[in-house]
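Structure first, commentary second.
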Amino acid sequence: MTGEAPTRYDPRAVEPKWQAAWEAAQVFRAEADPTRPKYYVLEMFPYPSGRIHMGHVRNYTMGDVVARYKAARGHNVLHPMGWDAFGMPAENAAIEKGVHPGAWTYANIDAMRAQMKPMGFSIDWSREFATCDPEYYGQQQAMFLDMLEAGFVTRKAAVVNWDPVDMTVLANEQVIDGKGWRSGAPVERRELTQWFFRISDMAEELLEALDGLGAWPEKVRLMQRNWIGKSQGLQFAFETIGAPEGFERLEVFTTRPDTLLGASFAAISPDHPLARALEGDPEVAAFNAECRRAGTSEEALETAEKRGIDTGLKVRHPLDPQRTLPVWIANFILMDYGTGAIFGCPAHDQRDLDFVRRYGLPVIDVFKADPAAPDVAATAYVPPKSQTVTYLRGFAGERAMTGDAAVAAAVAYCEAHGIGRGVTRYRLRDWGVSRQRYWGCPIPVVHCPACGTVGEARANLPVRLPEDVRFEGSGNPLERHPTWKETTCPQCGGPARRETDTMDTFVDSSWYFARFTAPHATTPTDLAAADYWMNVDQYIGGVEHAILHLLYSRFFARAMQRTGHLPAKAIEPFDALFTQGMVTHEAYYTTEQSSAQLKDFGFEQGPGETSDTSFPMTIMRYHYPEEVEWRDGASFLKGTEQRVEVVPPTKMSKSKKNVVDPADIIDRFGADTARWFVMSDSPPERDVEWTAAGAEAAAKHLQRVWRLADEIARVGAEPGGVAGEEALDLTRAAHRAIRDVTADIEAFGFNRAVARLYDFTNTLSRAPADAPGMGAARVFAMRILAQLMAPMVPHLAEEVWARLGGEGLVATAPWPEADPAMLAEASVTLPVQVNGKRRAEIVVPAGADRATIESLVLADAAVVRLLDGAQPKKLVVVPDRIVNVVL
RNA sequence: GCCCGAGUGGCGGAAUUGGUAGACGCAGCGGAUUCAAAAUCCGCCGCCGCAAGGCUUGCCGGUUCGAGUCCGGCCUCGGGUACCA
């Protein structure tokens, strides 16, 4: 070894240097090349909020590891990046700060791109686009027109949250405790005519195709299956007694027709036409109005207290016309599912049981586990349909049968007696895409008084958003724009009005993956490019998109294929999916006492109250991690005596201020440290908690690898090459590292790959440097280490590679192959259990047979002692794994 | 409410198909180096117990020669719930 001090690794200098080298060699530029297998890796593109956060770093590092690994394995890799750029936050910024949504969005994109480039991701930036580019949304409008013509689009009424003060439609997120988030006014439900994609027509096909998605997580397929919600059941009509004209029959859908004899009431949604028809009764009107005050979200409806009102109407039981059931309006019946009307069977449905207990309606048992079982009391009896039960009031065959069989028999019986018919229903509803907002893709349709609703002429696309708009927080800016909506009808040429709804941003993200294959095409896609690059081989993103985004994309790919925008093979666009966890951090807050006045909450001043009528309240204030310090086993606001409350790690969010800015980490430690940290420790599908100590440890390790490489390079390889047992041991360890790290990367076990790389680094640094042939062995091992680390920490890997005289760039070097001859193990250590507890271990040659192992075990001192002269009852031998002696 | 996950030392986690629970890392402790410190290197490190030994993968029960892993019943936390993206 020479006496020189090792050079220190300086990421600030090294990282830009290699980024420039990759740029100069155009390493990440993707060009179609039919001679090589392609690989398309895609991470869910970001919303341009303004800053990248650790979640982005983790997501894109995972994709980058895959992209760099696949490139090293000889694939022609496509790894693009873009921006999901339409959406509400831009409009909120416009309202709050007076900036134009477009200016705000493009400034954010510039800022985020500038933060992302220093991360050294292997992205083909020449394919970048934002969904708010007219070149993108214009093509989206063209496809909308194709889909309109092909029958994939429809218009119908839908219910929205309406803020009566701001005169605007609210997103579910903007409804807090049933009140508008800005105005504080109680939200109303309002029905609007909206544009829909007819995704429900594809329910069966989307369901069946899930079976083919073998490289998707099972949980995502399950969630989609349940979301589509195929169910088979009976639809029939009750004959009503005393109902208003036109409501002589009440259509009901049930998945449990076998429980029809247990019906004790019928119930309809407050939004059911019959419920509306009865609003002449002030009590009914008041009840319905009350129900409509809650938000429109399923969560709000389903978690609300179960309440109802008796309409006084009756219906006849179809199997027993002498029996009549009361008709209730109940807040838990969804108008969107089935027919908006049900019959209640409290004995076998917990929600119905809770309801009848509250309102004193009868409970009628239909079946029991066995005839002697007690009657239903506090909990409904709801066994799986596959279970055999005994029907007490059977009308459909045998008394003892499974629920499934009974349902089928009940449907057959009802069909034979003209009571109803078996139907298949899906929970999946059509996809409403209309948004009454400015910052979205305009729906390219014109309303003409003469021709009706007409698609805009292709020559007029894109229908651009107007620039001169004002944002005041009320109404739809496009609707209020003085001239934008005035146009001429593309059919008759007469004056007409533009559609002022824009599209749901989920539309934008439902085809961007296809656009990346030909981002500058003058048609939505280029079929040759799509044919080469599709499908996405590996898609990576958050599990929060498991249902909506992925289902909409699957629908869109099918619709695009049928309108000629994608090849047939792309109807399932994502071959493999990986859902990664979030990056979390503790959150910190302090509380302070304050006072508030009722008028602060929008209440009017009461008669006896003066303007200073106030009440105490506690205000919570969040603080950034760097404002907090630990002292005497407690946390304080830095430099003060104020105690800080610590919230367990949650998703990093601006509102909780528990964010760590990747830019700060890059400034301090470099991009490789950030990349190494987010790949370490936590399995990628699970949440990872960001800690300052972890980041420092990552930086230290990378420095250590550099020192080791530098030292090995100084010593160099002796001319004789690898020789000697110790040098051979190190070489074997290198081959094992290749085998294990490769397997871990293939299996998305990045944390395991990192652990193995730590292990291998330890082995390498502890190998005796002066053993014979060790110089060559160490140079070989160090180069392997650099290559195996390259997908995670590409800059350090290039520097080490260059220091060791590696040829060209690691980024373009082929992935190392493990030599099977170097992997064989001579002997194995077998644990010996006695009665299932480990008591000894024996070393046997690899592949030793049962007899050899048995004789070794029975001769083992510990086993002999425990046997104490007796014969074992049983000897379980699993060759190469374990031995269990049963006494 | 409903659907889907997750729970292992002080902490993040590891553990082919049921086969040595705790790899690797963080924190901590001890030592070397140093005038001292930083940095670095070496060692120890689940819990109880002086020890022999016993206990231990959210809780309760089961299957098995053997359970973190399989089955049944809970608890807690997280994601989604159709206009957040």
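For the numbers below, each heavy atom of this structure counts, side chains included, while hydrogens, waters and symmetry mates do not. Chain identifiers are assigned alphabetically (A, B, ...) following the order of the sequence lines, protein sequences preceding nucleic acid strands; residue numbering begins at 1 within each chain.
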Query raised in the report: When all nucleic acid strands are considered with a 4.0 Å heavy-atom cut-off, which category describes Arg752(A): base, sugar-phosphate, or nothing?
Result: sugar-phosphate
Report task. With heavy atoms under 4.0 Å as the rule, sort His701(A) into base, sugar-phosphate or nothing. Result -> nothing
Query raised in the report: Considering only side-chain heavy atoms of Gln194(A), which listed nucleotide, G19(B), C83(B), A82(B), is closest?
Result: C83(B)
Requested in this report: Kindly check if the number of other-residue, nucleotide or ligand heavy atoms within 6.0 Å of CG (Asp177(A)) is above 12?
Outcome: no
Report task. Would you sort out whether Trp195(A) and Glu499(A) count as a side chain to side chain donor-acceptor pair (under 3.5 Å), showing the intermediate values? Result -> CA-CA 10 Å; Trp195(A) 291 94; Glu499(A) 172 63 65; 2.8 Å; yes
Query raised in the report: Which part of the nucleic acid, if any, lies within contact of Arg839(A), taking any heavy atom under 4.0 Å across all strands shown: a base, the sugar-phosphate backbone alone, or nothing?
Result: sugar-phosphate
Query raised in the report: So, Asn108(A) side chain and Pro48(A) main chain: donor-acceptor pair closer than 3.5 Å or not?
Result: yes
Requested in this report: For the side chain of Arg838(A), starting at C-beta, report the closest nucleotide among G25(B), G79(B), U20(B).
Outcome: U20(B)
**Report entry** Side-chain donor/acceptor contact of Asn226(A) with base of C3(B) under 3.5 Å
**Finding:** no
Query raised in the report: Considering only the C1' atoms, how many Å lie between A27(B) and C44(B), rounded to the nearest integer?
Result: 14 Å
Query raised in the report: Once you round it to whole Å, what is the distance between C1' of U20(B) and CG of Asn884(A)?
Result: 12 Å
Requested in this report: Using the C1' atoms only, state how far U16(B) lies from U33(B), rounded to an integer number of Å.
Outcome: 44 Å
Query raised in the report: For Val160(A), which contact category applies under a 4.0 Å heavy-atom criterion: base, sugar-phosphate, or nothing?
Result: base
Query - U8(B) and U69(B), which share atom name C1', separated by this distance in whole Å - result: 12 Å
Requested in this report: Walk me through it: do Phe677(A) and Phe669(A) pass the test ring pair (Phe, Tyr, Trp, His ring centres under 6.0 Å)?
Outcome: CA-CA 11 Å; Phe677(A) 178 85; Phe669(A) 304 112; 9.9 Å; no
Query raised in the report: How many Å lie between CZ on Arg435(A) and P on A82(B), as a whole number?
Result: 11 Å
Report summary line: For A23(B), the nucleotide meeting Watson-Crick or G-U wobble distances (both under 3.5 Å) is none
Query raised in the report: Between the base of C2(B) and the side chain of Glu298(A), is there any donor-acceptor pair under 3.5 Å?
Result: no
Requested in this report: Could you please name the partner base of G61(B), counting Watson-Crick and G-U wobble pairs only when both distances are under 3.5 Å?
Outcome: C71(B)
Report task. Look at all strands and tell whether Arg686(A) reaches a base, only sugar-phosphate, or nothing, counting heavy atoms closer than 4.0 Å. Result -> sugar-phosphate
Query raised in the report: Hey, is the main chain of Leu206(A) close enough, under 3.5 Å, to the side chain of Arg554(A) for a donor-acceptor pair?
Result: yes
Query raised in the report: Base, sugar-phosphate alone, or nothing: which one does Ala546(A) contact when heavy atoms must sit under 4.0 Å apart?
Result: nothing
Requested in this report: Check whether any side-chain nitrogen or oxygen of Ser680(A) sits under 4.0 Å from OP1 or OP2 of G25(B), and answer yes or no.
Outcome: no
**Report entry** Side chain of Leu222(A) (C-beta onward), nearest among C24(B), A85(B), G5(B)
**Finding:** G5(B)
Query - P-based separation of A85(B) from G80(B) [nearest Å] - result: 13 Å
**Report entry** Inter-nucleotide C1' distance (U57(B), A52(B)), Å rounded
**Finding:** 26 Å
Query raised in the report: Looking for any heavy atom pair under 4.0 Å, which part of the strands does Lys837(A) touch: base, sugar-phosphate only, or nothing?
Result: sugar-phosphate
Query raised in the report: Toward the 5' end of RNA chain B, which comes first, Met88(A) or Glu218(A), by nearest nucleotide?
Result: Glu218(A)
Query raised in the report: Atom CG of Leu170(A) and atom P of C84(B): how far apart are they, to the nearest Å?
Result: 11 Å
Query raised in the report: How is Thr303(A) classified with respect to the nucleic acid when contacts are heavy atoms under 4.0 Å: base, sugar-phosphate, or nothing?
Result: base
Query - G13(B) phosphate, OP1 or OP2, under 4.0 Å from Ser682(A) side-chain N/O - result: yes
Requested in this report: Please state whether the phosphate of G12(B), meaning OP1 or OP2, lies under 4.0 angstrom from any side-chain nitrogen or oxygen of Asn751(A).
Outcome: no
Query raised in the report: Paired with G28(B): which nucleotide, if any, by Watson-Crick or G-U wobble criteria at under 3.5 Å for both distances?
Result: C44(B)
Report task. Check every atom of G1(B), C84(B), G19(B) against the side chain of Glu173(A) and return the nucleotide holding the closest atom. Result -> C84(B)
Report task. In whole angstrom, give me the gap between the C1' atoms of A21(B) and A67(B). Result -> 11 Å
Query raised in the report: Of the candidate nucleotides G79(B), C84(B), G25(B), which contains the atom at the shortest distance from the side chain of Tyr758(A)?
Result: G25(B)
Query raised in the report: Are Asp271(A) and Arg292(A) close enough for a salt bridge, meaning some N to O gap below 4.0 Å?
Result: yes
Query raised in the report: Looking at the side chain of Arg437(A), which of G25(B), G1(B), C83(B) is the nearest nucleotide?
Result: C83(B)
Query raised in the report: Contact class for Glu685(A) (heavy atom, under 4.0 Å): base, sugar-phosphate, or nothing?
Result: nothing
Requested in this report: Provide, to the nearest angstrom, the distance between the CD atom belonging to Gln833(A) and the P atom belonging to U64(B).
Outcome: 17 Å
Query raised in the report: Which value, in whole Å, describes the distance between the C1' atoms of nucleotides C42(B) and G5(B)?
Result: 43 Å
Query raised in the report: Does Arg704(A) put a side-chain nitrogen or oxygen below 4.0 Å from OP1 or OP2 of C41(B)?
Result: yes
Query - Between C1' of G13(B) and CZ of Phe748(A), the distance in whole Å - result: 19 Å
Query raised in the report: Does G5(B) pair with anything, Watson-Crick or G-U wobble, both distances under 3.5 Å, and if so, with which nucleotide?
Result: C77(B)
Report task. Run the ring-centre check on Phe86(A) versus Tyr137(A) and record whether the distance is less than 6.0 Å. Result -> yes
Query - Spacing between Leu551(A) atom CG and C3(B) atom P, to the nearest angstrom - result: 19 Å
Query raised in the report: Any idea which heavy atoms bring Pro89(A) and Tyr47(A) closest together, and the distance?
Result: CB-OH, 3.3 Å
Query raised in the report: Which is true for Lys700(A) with a 4.0 Å heavy-atom rule: it touches a base, it touches only sugar-phosphate, or it touches nothing?
Result: sugar-phosphate
Query raised in the report: P atom, U76(B) versus C70(B): distance in rounded Å?
Result: 23 Å
Requested in this report: Rounded to the nearest angstrom, tell me the gap between atom CG in Asp681(A) and atom P in G13(B).
Outcome: 8 Å
Report task. May I ask you to decide if the ring planes of Phe750(A) and Phe748(A) are parallel, tilted or perpendicular, using 30° and 60° as cut-offs? Result -> tilted
Report task. Would you classify Phe506(A) as touching base, sugar-phosphate or nothing, given that sugar-phosphate means primed atoms plus P, OP1 and OP2, and contacts are heavy atoms under 4.0 Å? Result -> base
Query raised in the report: What is the nucleic acid contact for Gly87(A), judged by heavy atoms within less than 4.0 Å: base, sugar-phosphate only, or nothing?
Result: sugar-phosphate
Requested in this report: Check every strand shown and say whether Leu875(A) touches a base, only sugar-phosphate, or nothing at a heavy-atom separation below 4.0 Å.
Outcome: nothing
**Report entry** Nearest-nucleotide comparison on RNA chain B, the residue closer to the 5′ end among Thr296(A) and Thr829(A)
**Finding:** Thr829(A)
Query raised in the report: When we call it a touch if two heavy atoms are under 4.0 Å apart, what does Ser509(A) touch: a base, just sugar-phosphate, or nothing?
Result: nothing
Requested in this report: Would you please confirm or rule out a distance under 4.0 Å between OP1 or OP2 of C42(B) and any side-chain N or O of Arg766(A)?
Outcome: yes
**Report entry** Test ring pair (Phe, Tyr, Trp, His ring centres under 6.0 Å) applied to Phe513(A) and Tyr539(A), step by step
**Finding:** CA-CA 10 Å; Phe513(A) 48 86; Tyr539(A) 196 31; 7.1 Å; no
Requested in this report: Return the nucleotide paired to C50(B): Watson-Crick means purine N1 to pyrimidine N3 with N6-O4 or O6-N4, wobble means G-U with N1-O2 and O6-N3, both under 3.5 Å.
Outcome: none
Query raised in the report: Can G31(B) be described as syn, meaning its chi torsion is within 90° of 0, or is it anti?
Result: anti
